[in-house]
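In what follows, every heavy atom counts, from backbone to side chain, and hydrogens, waters and symmetry copies are set aside.
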Amino acid sequence: MSEFAPRLLAWQREHGRHDLPWQGGGDPYRIWLSEIMLQQTRVDTVIPYYQRFLARFPDLAGLAAAPVEEVMALWSGLGYYARARNLHRAAQVVMTEHGGVFPHNAATIATLPGVGRSTAAAIAAFAFDERAAILDGNVKRVLCRIFGIEGFPGDKAVEGRLWALAESLLPEHEPGRYIQAQMDLGAMLCTRARPACARCPFHGDCIARRTGRIAELPAARPKKAVPRRSARFAVLIRGREVLLERRPPAGIWGGLLALPEIPADAADPAAWVRGRTGLACIEGAPLAPLTHTFTHFTLDIQPVLLRASSPAAAAAADDGALHWQAFAALQQAALPAAVRKILDAVAGIELFCASGAGSSPR
């Protein structure tokens with residue numbers, strides 16, 4: 001254990017990642033943004049989102065002052081949308097409760113919306129060189145394999161052992177580089193599948209490798225039956241526009257624009273749309289179904305194509321949630337990935353029909 005940190009630091013200096021967009025400079029705003037985006041998301045997926053986000057919100061004050069809808073639009077497609085809502089709320093908390101100055105220690109950072117113990121420690125280590133342990137997915141995997149930690153890391157008792165181990169391994173110096181080294185080892189070599197053990201600095205000491213249990217450690221989450229749900233969504237077209245609905249803040253796709261969900265007991269989608277919006281419409285053929293997997297359940301989606309029978313008519317939004325969106329502006333809208341996939345397909349159909357190559361489905 002006394003050799004763990006020095007050996008890991010030496011490996012990181014030579015082989016680790018040193019040119020990620022958020023590295024260097026020690027700006028807590030940029031580091032915080034990257035750490036939130038990297039929660040349950042790969043680096044190569046995050047980088048373009050991070051760069052677009054910074055181009056629009058280069059500082060914390062700008063993010064805090066922006067409408068949450070604009071924040072959600074920039075986050076669209078990155079998933080786990082509660083992160084974006086919490087990011088916006090946390091920026092406002094920093095402005096109102098901390099005088100616009102990002103907190104300088106892990107304990108205070110952890111009080112911000114959407115920031116847990118491990119994320120707070122990483123931000124504090126990178127931005128302020130605070131000596132604090134982290135325990136993200138990469139670190140859990142590294143520690144479980146090298147030290148032979150049994151049990152599912154999400155179990156409270158196992159997690160407690162891992163926190164104690166992580167804290168005992170902290171070096172006295174270079175905490176930021178050490179935290180980065182742990183992340184790099186897990187992301188680059190000690191990967192979930194096909195780890196590059198031959199290049200690992202702990203190749204000769206890793207208990208999982210020596211005992212032939214690399215595939216078994218860390219232990220998998222105990223299997224549970226994943227619930228399956230189904231839903232119908234109205235794809236209501238009016239000329240070159242589609243009707244979208246702002247989802248409630250809580251629940252799936254919270255705060256995003258989505259297609260209006262047709263209740264399960266609505267036998268006639270066109271009649272339901274007329275009752276909801278006051279807009280007469282003609283029902284077309286059902287569109288291709290798709291399946292979307294969330295963290296805790298799987299959703300089978302059936303989109304239903306409808307067309308406004310009088311294109312000049314306006315939908316009467318009884319709750320202010322309904323919104324006509326031009327097809328030309330869909331790329332800038334805050335849409336969940338599944339809804340964007342449906343609308344991309346519909347936009348393709350509309351373009352095909354407009355070109356005279358075919359007729360719209362009715």
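In this structure, Ser309 contributes its side chain and Ala280 its backbone to a donor-acceptor pair below 3.5 Å. Glu69 contributes no side-chain N or O that, together with a main-chain N or O of Ala73, makes up a donor-acceptor pair within less than 3.5 Å. A donor-acceptor pair under 3.5 Å is formed between the side chain of Thr111 and the backbone N or O of Thr108. Of the possible polar contacts, one joining the Gln23 side chain to the Arg17 backbone as a donor-acceptor pair under 3.5 Å is found. In this structure, the side chain of Thr277 engages the main chain of Val273 through a donor-acceptor pair within 3.5 Å. Not one N or O on the side chain of Glu167 forms a donor-acceptor pair closer than 3.5 Å with the backbone of Ala164. Listed for the Arg213 side chain is no donor-acceptor partner under 3.5 Å among the backbone atoms of Ala208. In terms of modelled atom types and a separation under 3.5 Å, the side chain of Ser76 and the main chain of Ala334 share no donor-acceptor contact. With Thr119 contributing its side chain and Val115 its backbone, the two residues share no donor-acceptor pair below 3.5 Å. The backbone N or O of Gly186 sits less than 3.5 Å from a side-chain atom of Arg141, completing a donor-acceptor pair.
A 6.0 Å sphere centred on CZ of Arg229 holds no more than 12 heavy atoms belonging to other residues, nucleotides or ligands. Around the CZ atom of Arg199, the shell of radius 6.0 Å holds no more than 12 heavy atoms that belong to other residues, nucleotides or ligands. Summarising the local packing, CZ of Arg340 is surrounded by more than 12 heavy atoms from other residues, nucleotides or ligands at distances under 6.0 Å.
Using a 4.0 Å cut-off between charged nitrogen and carboxylate oxygen, Arg276 and Glu261 do not count as a salt-bridge pair. The residues Asp205 and Arg7 are annotated as salt-bridged, a charged nitrogen and a carboxylate oxygen being separated by less than 4.0 angstrom. We find that Glu174 and Arg131 are not joined by a salt bridge, their nearest charged nitrogen and carboxylate oxygen being 4.0 Å or further apart. Arg56 and Glu70 are joined by a salt bridge, as a carboxylate oxygen and a charged side-chain nitrogen come within less than 4.0 angstrom of each other. Salt bridge status for Lys156 with Glu159: absent, with no side-chain N to carboxylate O gap under 4.0 Å.
Glu130 contributes atom CD, which lies 10.5 Å from atom CD1 of Ile179 (distance to the nearest 0.5 angstrom). Within the model, atoms CG of Leu112 and CG of Asn86 stand 10.0 Å from one another, a figure rounded to the nearest 0.5 Å.
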Please test Thr298 against His292 for side-chain contact (heavy atoms from CB on, under 4.5 Å), starting from the C-alpha separation and ending with a verdict. CA-CA 6 Å; Thr298 298; His292 189 76; over 6 Å; no
Give the C-alpha distance, both sets of side-chain angles, the deciding distance and a yes or no for side-chain hydrogen bond (donor to acceptor under 3.5 Å, both in side chains) between Arg83 and Gln39. CA-CA 9 Å; Arg83 294 182 297 174; Gln39 290 172 347; 5.0 Å; no
What do the steps show when you test Leu244 against Leu343 for side-chain contact (heavy atoms from CB on, under 4.5 Å), and what is the final call? CA-CA 11 Å; Leu244 300 177; Leu343 292 179; 4.0 Å; yes
Just do the side-chain hydrogen bond (donor to acceptor under 3.5 Å, both in side chains) check on Asp136 and Ser118 with the steps written out, would you? CA-CA 6 Å; Asp136 69 359; Ser118 186; 5.6 Å; no
Check the pair Trp32, Phe102 against ring-ring contact (aromatic ring centres under 6.0 Å, His included), reporting the backbone distance first and the verdict last. CA-CA 9 Å; Trp32 164 60; Phe102 200 88; 5.5 Å; yes
Show your reasoning for whether side-chain contact (heavy atoms from CB on, under 4.5 Å) applies to Arg30 and Glu35. CA-CA 9 Å; Arg30 293 179 174 226; Glu35 287 300 316; over 6 Å; no
Going through the checks in order, is the side-chain hydrogen bond (donor to acceptor under 3.5 Å, both in side chains) test met by Gln180 and Asp184? CA-CA 6 Å; Gln180 186 65 54; Asp184 289 353; 2.7 Å; yes
From CA spacing to verdict: ring-ring contact (aromatic ring centres under 6.0 Å, His included), Tyr49, Trp75: CA-CA 7 Å; Tyr49 281 91; Trp75 203 276; 7.7 Å; no
Could you walk me through whether Leu20 and Val43 pass the side-chain contact (heavy atoms from CB on, under 4.5 Å) check? CA-CA 9 Å; Leu20 297 174; Val43 165; 3.9 Å; yes
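In this structure, Val139 is not a member of the same hydrophobic cluster as Ile207, with clusters built from ILVMFWY side-chain heavy atoms closer than 4.5 Å. When hydrophobic clusters are built by joining Ile, Leu, Val, Met, Phe, Trp and Tyr residues whose side-chain heavy atoms come closer than 4.5 Å, directly or via intermediates, Tyr29 is grouped together with Leu87. Transitive grouping of hydrophobic side chains (ILVMFWY, heavy atoms separated by less than 4.5 Å) brings Val242 and Leu290 into a common cluster. By the rule that hydrophobic residues join a cluster once side-chain heavy atoms approach within less than 4.5 Å of another member, Val158 and Leu169 end up as members of one cluster. One hydrophobic cluster holds both Ile134 and Tyr178 under the rule that ILVMFWY side chains link at heavy-atom gaps under 4.5 Å.
Taking the six-membered ring wherever Trp is involved, the centroid distance between the rings of Phe294 and His296 does not fall below 6.0 Å.
Considering every non-hydrogen atom in both Pro153 and Ala219, the closest pair reads CD-O, 3.5 Å. Of all heavy-atom pairs between Ile301 and Ala338, the closest is CD1-CB, 4.0 Å.
Figure legend: cation-pi geometry between Arg117 and Trp163, with NZ or CZ positioned under 6.0 Å from the six-membered ring centre and within 45° of its axis.
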